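Reminder, nothing fancy here: chain letters follow the sequence lines and each chain counts from 1. Bear in mind that the values here come from a model prediction, so they are computed numbers and not experimental data.
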Amino acid sequence: MDKRVVFDEERCKGCELCVTFCPKNIIYLADRLNRQGYRPATVTEQEKCISCAICARMCPDCAIEVYKH
Amino acid sequence: MRKIFERPKSLAEAAQHYCPGCTHGIVHRLVAEAVDELGLAGRTIGVSPVGCSVFAYNYFNLDFVQAAHGRAPAVATGLKRVLPDRVVFTYQGDGDLASIGAAEIVHAAARGEKITVVFVNNAIYGMTGGQMAPTTLVGQKTTTSPYGRQQEVAGYPIRVAEMLSTMEGAAYIARVAVISPQSVARARKAMLKAFTAQLEGKGFSLVEVLSTCPTNWGMTPVEALKWVETAMMPVFPLGVFRDWEVGEA
Amino acid sequence: MGEKMLMKGNEAIGEAAIKAGCRFFFGYPITPQNELPEYMSRRLPEVGGVFLQAESEVAAINMVYGASCAGGRVMTSSSSPGISLKQEGISYLAGSELPAVIVNIVRGGPGLGGIQPAQSDYFQATRGGGHGDYRTLVYAPSTIQEMVDLVMMAFDKADAYRNPVLVLGDGILGQMMEPVEFPDEPPPEPLAKPWATTGAEGRPPNIISSIILDPELLDKHNWHLMEKYEQIRKKETRWEIYDPYEAEIFLVAYGTMARVARAAIEAAHSRGIDCGLVRPITLWPFPERAFDELADRARAYLSVEMSTGQMVDDVKIAAAGRAPVYFYGRAGGVVPSPAEIVKKIELIFEEIKGGSKRA
């Protein structure tokens with residue numbers, strides 16, 4: 001399926017604000033490092049995303065785009 | 001499939017240098033959203049301070065001027081007096097605005113200067129390494145108040161929004177926070193209203209934003225959001241302190 | 001030229017600025033220059049301009065900074081202690097390459113000093129004045145007419161070089177009245193300022209800043225500024241040589257002091273000693289070429305100043321050991337009299353003996 005929430009992993013600083021506020025608790029920090037040395041936020045269960053965009057509104061780095069079907 | 005959230009056009013692509021979880025990035029986005037929503041990108045000029053947001057000009061697709069420490073309201077005054085039909089805003093931290101620039105902000109408000117001020121209050125000097133700010137809380141430890149701010153020595157934090165709300169030249173003064181989706185939504189509305197005050201020529205407008213400094217507070221970004229709520233908000237209550245549409249709030 | 005009228009120096013500066021197209025003035029009260037902001041507060045609204053009394057000199061110069069960023073023709077004025085406060089802003093103007101005209105009606109210092117005329121801000125004016133490697137073009141008029149002419153020129157030079165320009169006067173020049181004429185023709189169209197921050201409609205954003213953290217780039221920026229200053233040195237240096245008696249002793253004086261020096265030259269002549277005058281019109285760049293022109297016959301220079309000796313350093317550099325350099329000065333608002341200067345001239349004459357004292 002098409003992704004509902006897309007992270008620009010290279011911009012992510014792993015601050016976890018999106019993780020904290022996701023009402024569906026589907027965001028987590030990946031087990032890898034981006035080029036800045038941070039563990040980027042990610043979502044695997046895209047189908048559980050309700051496209052509320054709360055993660056994007058709390059992201060200080062504008063690293064998240066949100067889509068709705 | 002439709003995109004329901006993307007970067008506002010007035011916010012530049014450039015990656016920001018702020019520390020992880022620092023809420024400057026959210027405030028930047030709210031400013032850009034307000035400028036875009038009101039269709040002001042082509043006629044807005046920003047003024048950046050000295051402090052963590054000194055490079056704000058790199059993060060907006062707008063004309064920008066970098067000002068000397070504390071002088072952004074004076075620089076904005078010069079810009080606005082030459083270009084009264086443009087939109088001019090300053091973006092300043094607590095050291096810049098409430099300490100070294102205390103005179104400039106008070107007089108810009110008193111003159112009813114038709115500029116918008118985005119005041120980011122995180123109760124500490126960030127860029128220089130976590131020194132005591134004019135908004136540091138009593139008891140708060142910083143690198144220059146290692147025993148906690150003692151009122152006998154260093155006095156009390158300045159409540160900028162309340163102080164400036166006594167100025168007849170001020171059209172809109174609000175204090176908001178960016179610590180939750182709800183507070184961000186309210187901050188967004190305050191930002192729009194502050195720019196509207198300027199657009200309608202009502203006078204000076206200022207939005208004080210309670211913000212975080214996880215690095216210098218020695219907290220995780222999530223802990224820092226909670227500290228804003230539990231420690232800062234009792235001293236710096238949120239609210240609208242002046243609103244030209246409803247009279248003095 | 002237009003009709004001749006009698007004007008006070010400080011007011012003539014204001015009218016000259018308006019004639020030059022200046023429409024923005026930000027200032028703060030300080031004696032002895034108050035007639036200038038007062039004049040601007042009256043005149044600028046009449047021509048659609050803005051006069052604003054700032055909360056401090058610091059705020060005033062930063063308003064100038066903002067107005068200049070917006071592309072406005074802008075000016076401020078103050079007197080010595082106030083100019084010290086403006087120096088931070090002047091450094092930023094120079095670093096960001098912004099035009100502005102700054103008038104200093106110099107008074108005695110240091111500290112609060114006094115309010116009487118002085119020339120003790122020479123070092124501050126000619127060595128940049130604030131922090132960092134920069135220079136400002138500095139005009140030093142000695143008559144009210146010259147004040148008018150140089151103030152008008154100052155705006156064009158500030159725009160052309162994108163650099164602050166200083167005009168130095170003192171309480172005597174500010175308060176005295178002399179006949180002046182203003183040009184009839186309107187000022188030339190000011191230069192386009194595509195760099196100004198006016199809103200980025202239809203073009204990429206303009207950024208005005210003086211912060212450059214990369215040392216290599218900051219070094220490059222400094223050398224770029226120096227190249228510009230070199231151009232100013234080549235093209236904008238001004239001076240006058242007054243030499244009615246084909247003298248061998250030359251006084252060096254500017255502004256008010258140059259007027260006194262002329263009287264001293266006449267007094268010395270009547271006592272049998274012939275002197276000339278080198279009058280720097282730009283203090284920076286200093287007119288070193290004037291001293292090259294006189295190198296073959298000048299046997300001594302006497303720098304006469306309303307200070308304890310500042311310009312004399314530049315005179316020594318310019319004389320380059322080709323003739324001895326003497327100094328006479330009074331400080332704190334005392335203006336050296338022609339008689340005092342003549343006394344000094346006689347001593348010099350004795351020292352360099354063999355001078356051409358007429359029988």
To the nearest 0.5 Å, what is the distance between [atom1] on [X] and [atom2] on [Y]?
X: B:Glu33; Y: B:Lys9; atom1: CD; atom2: NZ; result: 12.0 Å
X: C:Leu166; Y: C:Arg135; atom1: CG; atom2: CZ; result: 13.5 Å
X: B:Asn121; Y: B:Arg159; atom1: CG; atom2: CZ; result: 11.0 Å
X: C:Tyr161; Y: C:Ile232; atom1: OH; atom2: CD1; result: 6.0 Å

Please classify the contact of [X] with chain C as side chain, backbone, both or neither, using a heavy-atom distance under 4.5 Å.
X: B:Ile45; result: side chain
X: B:Ala12; result: neither
X: B:Arg81; result: both
X: B:Ala68; result: both

Query raised in the report: In terms of heavy-atom pairs under 4.5 Å with chain C, which of B:Ala76, B:Gly42, B:Gly70 leads?
Result: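 Winner by heavy-atom pair count: B:Gly42.
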
**Report entry** Top contributor to chain C contacts, counting heavy-atom pairs under 4.5 Å, from B:Thr77, B:Val87, B:Val106, B:Val50
**Finding:**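 Heavy-atom pairs under 4.5 Å are most numerous for B:Thr77.
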
Report task. Would you please classify the geometry between the C:His131 ring and the C:Tyr92 ring as parallel, tilted or perpendicular, with 30° and 60° separating the classes? Result -> perpendicular

Checking heavy atoms, do the side chain of [X], its backbone, both or neither come under 4.5 Å from chain B?
X: C:Ala60; value: neither
X: C:Ser56; value: side chain
X: C:Arg203; value: side chain

Query - Ring centre gap for B:Tyr172 and B:Phe195 strictly below 6.0 Å - result: no

Query raised in the report: Do B:Phe55 and B:Tyr59 have their ring centres less than 6.0 Å from each other?
Result: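 No, the ring centres sit 6.0 Å or more apart.
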
Report summary line: Residue from C:Ile61, C:Ile211, C:Thr197 scoring the most non-hydrogen pairs under 4.5 Å with chain B is C:Thr197

